[in-house]
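One structure is given below, encoded as structure tokens.
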Amino acid sequence: MWKPGTLLLLSLLWASGELQQETEQRRLPPPGKLDFGYVPAGVYETLAHYEPGPIGILFQLVRAFLHAVQPNAFPHDLIVKLAKDKFGAIQTEYKKAIYYEIGFLICAAVGLLFAILMPVVGLFFCMCRCCDNCGGEMHQRQRKNADCRRGLLGTLLFSTSLVITIGVLCAYAANQNLSSQVKNIRRLVNSNMRDLHTFANDTPMQIDYLISQYATAKNKVIYDLDIENFINHALVFHKQPNKRFLISSLLPFISAMRETKEALENVSVSLVVLQEGERKLHFNLSRIRNSINRTLDDPGCLDEESDATTAQLCRSIRQSLSQLQISANFTRLPDVNPQLEKMKNVVKTDLSSVVHRGFYALNDTPHMVIEQTRAVVMSIQNLVGSVGNNITSFSKVFPVQTCLSNFTIFISHAHAKIEDYYPEIDQIDFYRWIGCIALCCMVVLVLAFNYLGLLCGTLGYDKHASPTTRGCISNTGGTLLIAGVGFSFIFSWVLMGLLTAMFLAGGNMEKLLCEPFHTKELFKVVDSPYLINPEWKNFIPGYLYNDSELELTTESLYSTCKENKGIYSALRLDKVFNISSFLNTTVFTKDVVRQLESFRIDLRGIILLESEGKQNLQDFSEAGLSEINYADFLEEVNKGVTVVDVVSFAKELESQTDLMVRKGRLQTALKGHVATLQRIHRQQIAPMEQAMSALNQSMRFLERTASDLPNKVTDVLEAIEAAQHLISHNATLLINQETRKYSATIIGYFNQYIEWVKTSLALEVAPCKPFSNVLDTAQIMTCSFLVDSMNTFWMGLGCSTLFLLPSVILAVKLAKYYRRMDTEDVYDE
């Protein structure tokens, strides 16, 4: 019932290929990016992944064993041939089948041989013992190494019993795992059914969202149909030159003029401060040097015999006085008054107002042509509105809601049917659990006799007792071991027969179903051409669309849904539905272009930059900034005010004064000179350093501004002239060029909507993850729950059954050392 809905579900918003082809041929710049938001998506709760936990180690061991038994590659060609001939080719292909199954056949033959020979051997063993042979004679010869043999046999039997116990525990764990996982089947099924309901319920909402988002493209188109926007796009934002380039080129000149004037004023002020400060500082440094020299003429500095340290310090101070002088020479730097006067004249003209008047005239141009283009805009708006109405009406043609409702009913009906089977599944699983426990109990019974026999035989053994005088407990232990041997013969062949059948079934299911599913070899078999229907190359498109040549396979469908992509891309609906003729976007495109090309606009009389502004730029470039010798200024600034740092010199002088031994007039005078130096630095050098820093910044700014200034001004003026010529003489050509680009921009919004719909249909609308989850869930229940548990069961119990053979042999031999004999060897002294 819901098959037509599945086919038509996501086709209602498909767009035409002609529109995309025409736009691609133009190769024009894409329009602005539209934001269509996110398609509302439901949350699928099924996690189709199974982690077995610790028992997974056993599963891996079983798979490794099966790989060793059956290392052959998956027989893809053989299965396909047998399926096509409905197993009629088995008569000719039996050798390939036997070759593939050779490992299983050998193991099965060993198991069957075990099952056949075990009861026969047990029968003859019983008859042999009845004839007092095969250990049946109640007589034991005494040997010197009897204790050693008894201990060895007991150890080997105990080890064998441990191995059997481990196998039984593995089988029991597998049995319990299967029962516990059966309880999860209902949870998995319910989760998958809820996801299918979510898929059916969310799809109409997602389709409605795709339809509603056409309004985003429509509103953007209507907004961009504003004639003012078109004029701005057509003229002001043209590439060579354009408005953005002109504004970004002129505005820096406006700020540069003001900042250049301020920098020249700072240079002039700083230069006056430095030159005046240099004269005062030179005088003060000379006076302090002379004063220190006079102080150093003190007799305390000359008496080397009585105070050598002070004399040495005085000589050191006298030698350092030569550094106490001015380094920079600011008097040789010329003033910048000529340049400053020119810049004052430049900034008197308000270039900013001139620039904005020109561009205001250009920006105001759309008001001139709004009335004459009103009819064109209304026509295009009507075309846009008609497309939206067509899309909305087209979405109502297909009964999507009805099909999804039928699909929901189908899901609910299937779920109810599955619910009816749960009691039967639980009952079957209970009987299976009982049967497996019974098989385990057969081996457990033998183990019980072995462990009890070992326990009684070990505890009741008396090394001083002769074989005929052994105690009751020891004799009981030997009897229990023989009982275990008997039950081994009774149960082992039954176990081996059943386990062989389980081995053949579970092993082949793992190699032919579960393993190929993970490697996707199974999908290749199902997707083999002409397999299901001799007339269909591919079954799914042949069944759904009656087009078996369409490349739609089970593997591609599963993989696409596994990635949670939309069912539109998964089922290849794009190859079936084409509604481009319905939307007729190619005719719509031609109409838009024809309407836009009918524009007739006269843009003469617009002046971008008046002559006053041009002359202002010329005056700025001729202000004489390049005539300033920046190297001389920067050279003097970088020298520093004095040769030596006066603060450091004062600290050094103070530290040398403190080292003098004699305290008196000499030391007091030097301390006074230290204070004088510190005052000179604070009152004269520090302000000069600040002025030098300001001079440095201003000169570097002026140097950057003057760098290639005439060429920059020339380039800007040429760009303005080119734009003026373009507007005044080439407006018609420019409008025709930009009309085509503007048309592509308008159509580009519809392209974006179409591409968004295509992407959403492929990736977001009706994501088909629930369908792959259904298949994954079936694989988990079949392989992870059933096959892995069944294989682990026969593996564990099979190993235990095989180890019953050495257990029988060891138990028979060990029983001789535990049981009470009727006769014994007697030796005369």
Side-chain angles (χ1 to χ4, degrees), residues 55 58-59 61-66 68-70 103-126 156-178 432-454 480-508 510 787-814:
I55 200 173
L58 298 179
F59 295 164
L61 289 176
V62 173
R63 294 191 190 104
F65 173 75
L66 289 175
V69 172
Q70 172 54 284
F104 288 113
L105 294 177
I106 292 175
C107 292
V110 173
L112 292 176
L113 186 63
F114 182 95
I116 293 172
L117 293 181
M118 199 64 178
V120 175
V121 171
L123 177 62
F124 282 103
F125 179 74
C126 292
L156 292 177
L157 179 60
F158 180 75
S159 301
T160 304
S161 299
L162 282 180
V163 174
I164 297 173
T165 302
I166 293 173
V168 173
L169 291 177
C170 291
Y172 178 78
N175 186 41
Q176 290 298 115
N177 178 72
L178 180 55
R432 179 207 57 77
W433 184 84
I434 291 294
C436 292
I437 291 296
L439 295 178
C440 292
C441 287
M442 293 180 183
V443 182
V444 170
L445 182 61
V446 175
L447 287 173
F449 284 121
N450 285 353
Y451 286 128
L452 289 174
L454 287 169
L480 290 173
L481 291 178
I482 295 300
V485 172
F487 281 110
S488 296
F489 282 115
I490 294 172
F491 295 141
S492 60
W493 67 276
V494 178
L495 286 171
M496 186 56 70
L498 293 175
L499 295 175
T500 300
M502 294 174 64
F503 163 73
L504 289 175
N508 280 288
E510 173 66 28
V787 175
D788 284 345
S789 298
M790 181 174 65
N791 287 342
T792 304
F793 181 83
W794 62 251
M795 183 73 173
L797 211 55
C799 291
S800 299
T801 304
L802 287 177
F803 273 89
L804 288 178
L805 281 177
S807 173
V808 167
I809 297 171
L810 294 171
V812 170
K813 289 184 174 294
L814 185 60

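One-based numbering along the sequence shown.
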Separation between OG1 (Thr160) and CG (Asn450), nearest 0.5 Å, reads 9.0 Å

Taking atom CZ of Phe489 as the centre, does the number of heavy atoms from other residues, nucleotides or ligands within less than 6.0 Å exceed 12?
-> yes

Is it the case that Arg432 and Asn175 place a side-chain donor and acceptor less than 3.5 Å from each other?
yes

For Cys170 and Gly796, the nearest pair of non-hydrogen atoms, with its separation, is CB-CA, 4.3 Å

The reported gap from CD1 in Ile55 to CG in Asn177 (rounded to nearest 0.5 angstrom) is 4.0 Å

Discussion item. Parallel, tilted or perpendicular, judged at 30° and 60°: which one describes the rings of Phe487 and Phe449?
Written reply: parallel

*Are Leu814 and Leu810 close enough that some pair of their side-chain heavy atoms sits under 4.5 Å apart?*
no

Is any side-chain heavy atom of Ile490 closer than 4.5 Å to a side-chain heavy atom of Met442? no

Review point. Side chains of Phe793 and Tyr172: closer than 4.5 Å at any heavy-atom pair?
Key: no

d(Phe65 CZ, Cys799 SG) to nearest 0.5 Å is 7.5 Å

Heavy atoms of Ala115 and Gly497 approach each other most closely as CB-N, 4.1 Å

Distance col, row Phe104:CZ vs Leu66:CG, nearest 0.5 angstrom, shows 5.5 Å

Considering only heavy atoms from C-beta outward, does the side chain of Phe503 approach that of Met795 to under 4.5 Å? no

Between Val787 and Gly506, the two heavy atoms sitting closest are CG1-O, 3.8 Å

Distance col, row Leu499:CG vs Trp794:CH2, nearest 0.5 angstrom, shows 9.5 Å

When rounded to the nearest 0.5 Å, the distance separating CD1 of Ile164 from CG of Leu157 is 8.0 Å

Exercise for review: Verify, without hydrogens or angle tests, whether Asn508 (side chain) and Leu504 (backbone) share a donor-acceptor contact under 3.5 angstrom.
Suggested key: yes

Heavy atoms of Leu454 and Leu481 approach each other most closely as N-CD2, 4.2 Å

task = Let me see the working for Arg63 and Asn791 under side chain to side chain contact (heavy atoms under 4.5 Å, CB included), right down to the final yes or no.
result = CA-CA 9 Å; Arg63 294 191 190 104; Asn791 287 342; over 6 Å; no

From the list Thr801, Val168, Leu498, side-chain contact (heavy atoms from CB on, under 4.5 Å) partner of Leu439 resolves to Leu498

Has the side chain of Ser492 got a donor or acceptor atom that lies under 3.5 Å from a matching backbone atom of Ser488? yes

The single option from Leu112, Leu802, Leu804 that satisfies side-chain contact (heavy atoms from CB on, under 4.5 Å) with Met496 is Leu802

For Gly111 and Thr500 the tightest heavy-atom approach is CA-OG1, 3.6 Å

- [ ] Could you check if a side-chain atom of Leu162 sits within less than 4.5 angstrom of a side-chain atom of Phe158, using non-hydrogen atoms only?
- [x] yes

For Pro119, the side chain to side chain contact (heavy atoms under 4.5 Å, CB included) test, sequence neighbours excluded, returns Trp493

In short, Val446 meets Gly484 closest at the heavy-atom pair CG1-O, 3.8 Å

- Is there side-chain contact between Ser789 and Phe59, with heavy atoms separated by less than 4.5 Å? yes

